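Everything below concerns the one structure shown next.
Every chain is numbered from 1 and lettered A, B, ... according to where its sequence line falls, protein lines coming before strand lines. Remember, it's a predicted structure, so these values are computed and weren't measured experimentally. Below, all heavy atoms of this structure are taken into account, side chains as well, without hydrogens, waters or symmetry copies.
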Protein chains: 2
Amino acid sequence: MAGNLDATDWAILAELQRDGRIPLTELGRRVSLSASAATERVKRLEATGVITGYAARVDLAAVGYAVLAIVRLKYPGSRHEPLHRLLAERTEILECVRVTGDDCYVLKVAATGMHHLEEVVNDLAEFGSANTNIVYSQTLPYRGPGLR
Amino acid sequence: MAGNLDATDWAILAELQRDGRIPLTELGRRVSLSASAATERVKRLEATGVITGYAARVDLAAVGYAVLAIVRLKYPGSRHEPLHRLLAERTEILECVRVTGDDCYVLKVAATGMHHLEEVVNDLAEFGSANTNIVYSQTLPYRGPGLR
DNA sequence: AGTGAAAAATCGGGCTG
DNA sequence: CAGCCCGATTTTTCACT
């Protein structure tokens with residue numbers, strides 16, 4: 001966990017977060033480095049765990065998930081294995097974080113429609129009281145750190 | 001756009017979401033396609049807007065953001081421009097969705113520490129009542145659609 | 001789906017502060 | 001001594017058939 005990143009490292013992170021598939025030589029060009037130096041930097045960022053991977057961004061609506069929802073789950077007790085099992089089975093659950101406060105978990109759920117969403121929420125409601133909010137629009141789609 | 005994806009398309013999406021930087025020839029190998037056929041498929045997925053881009057995943061803690069929080073913002077009225085301006089300035093706000101229900105917006109905020117988080121929340125509280133939950137752990141870090 | 005030219009990734013070695 | 005640059009070899013990409 002090297003927290004010592006210079007301006008060049010940040011520039012590299014910005015470029016790779018914007019376009020994770022740019023050739024390393026092109027990356028070097030953009031941050032004013034030779035191809036091998038850029039490669040070296042990227043390798044180091046990967047090795048130290050700063051860059052954890054690369055992913056294609058997929059449009060949810062385009063693959064049939066018309067509905068996105070935020071579900072807050074109040075989860076009494078401390079038996080968390082059943083929830084983990086559900087997360088493994090239900091691939092419609094895209095994200096799940098454990099948080100402070102009254103709601104123990106906040107989840108992001110993708111569904112093909114309201115009926116489908118209802119099914120997933122039913123499964124979640126087995127564990128505790130589920131509070132669901134439908135997403136109108138992604139005002140700011142996820143951006144990584146350091147990006148404007 | 002094109003909601004007609006066959007099993008091969010899904011396999012391609014799964015591979016590219018897991019590792020967005022694999023060579024197309026390697027991708028073809030994994031989904032039992034020739035390099036050119038795989039390339040063709042990927043190009044089509046990009047052109048039809050299914051794949052919207054590629055991004056490096058960056059570990060927030062590793063770049064100095066030790067604290068992650070979910071902020072729910074109750075936003076009275078309908079003047080949304082000031083919020084958009086704040087989103088543009090505060091790069092610590094990583095994500096923002098507009099939702100149904102009492103809370104108008106749900107935001108994801110990364111901060112270097114509690115003091116930093118307080119600053120960001122103060123800015124947000126200018127707009128309405130802000131309800132903040134600190135993230136203990138990412139039970140399920142974001143995964144794209146179709147991934148197990 | 002195969003082919004060949006262009007481009008990029010990889011590796012080794014040498015240079016500078 | 002870490003970080004960068006250069007050039008040769010292997011691999012991938014791209015336009016065309």
Taking heavy atoms of chain B and a 4.0 Å limit, find me the 5'-most and 3'-most nucleotide of DNA chain D within that range. D:dT12 to D:dC14

side-chain contact (heavy atoms from CB on, under 4.5 Å) filter on B:A55, not counting sequence neighbours, yields A:R57

Give a yes or no on whether A:E119 atom CD has more than 12 heavy-atom contacts from other residues, nucleotides or ligands under 6.0 Å away. yes

Qualifying residues under salt bridge (charged side-chain N to carboxylate O under 4.0 Å, His left out), relative to A:D59, sequence neighbours excluded: none

Filter on ring pair (Phe, Tyr, Trp, His ring centres under 6.0 Å), then keep only pairs touching residues 18-59 of chain A, sequence neighbours left out; what's left? none

Compute the bend angle of the helix from C:dA1-D:dT17 to C:dG17-D:dC1 from the end axes (five pairs per end), rounded to 10°. 30°

Holding to salt bridge (charged side-chain N to carboxylate O under 4.0 Å, His left out), I want the full list of residues that pass it with B:R41, two or more places apart in sequence or in another chain. B:D6, B:D9

Can you build the contact string for nucleotides 11-17 of chain C? Use B for base contact, S for sugar-phosphate-only contact, and - for no protein heavy atom under 4.0 Å. -------

Taken to the nearest whole Å, CZ/B:R41 to C1'/C:dA1 is 14 Å

Testing the basics here: between A:I22 and A:L16, what is the closest heavy-atom pair and its distance to 0.1 Å? CG1-CD2, 4.0 Å

If hydrophobic residues (ILVMFWY) are linked whenever their side-chain heavy atoms come closer than 4.5 Å, directly or via other members, who joins A:F127 in its cluster? A:V67, A:V71, A:L73, A:Y75, A:L83, A:L86, A:L87, A:I93, A:Y105, A:L107, A:V109, A:M114, A:L117, A:V120, A:V121, A:L124, A:I134, B:L140

With sequence neighbours left out, the residues meeting salt bridge (charged side-chain N to carboxylate O under 4.0 Å, His left out) with A:D19 are none

Got a donor-acceptor contact below 3.5 angstrom from the B:R21 side chain to the A:G20 backbone? yes

Using a cut-off of strictly less than 4.0 Å between a heavy atom of the residue and any atom of DNA chain D, enumerate the qualifying residues of residues 7-31 of chain B by number. B:P23, B:L24, B:T25

For B:E92, what residues pass the salt bridge (charged side-chain N to carboxylate O under 4.0 Å, His left out) criterion, not counting sequence neighbours? B:R90

My understanding is that a hydrophobic cluster links ILVMFWY residues whose side chain heavy atoms are under 4.5 Å apart, including indirect links. Using that, what else belongs to the cluster containing A:Y136? none

To the nearest 0.5 Å, what is the distance between CG on A:D103 and CZ on B:R72? 5.5 Å

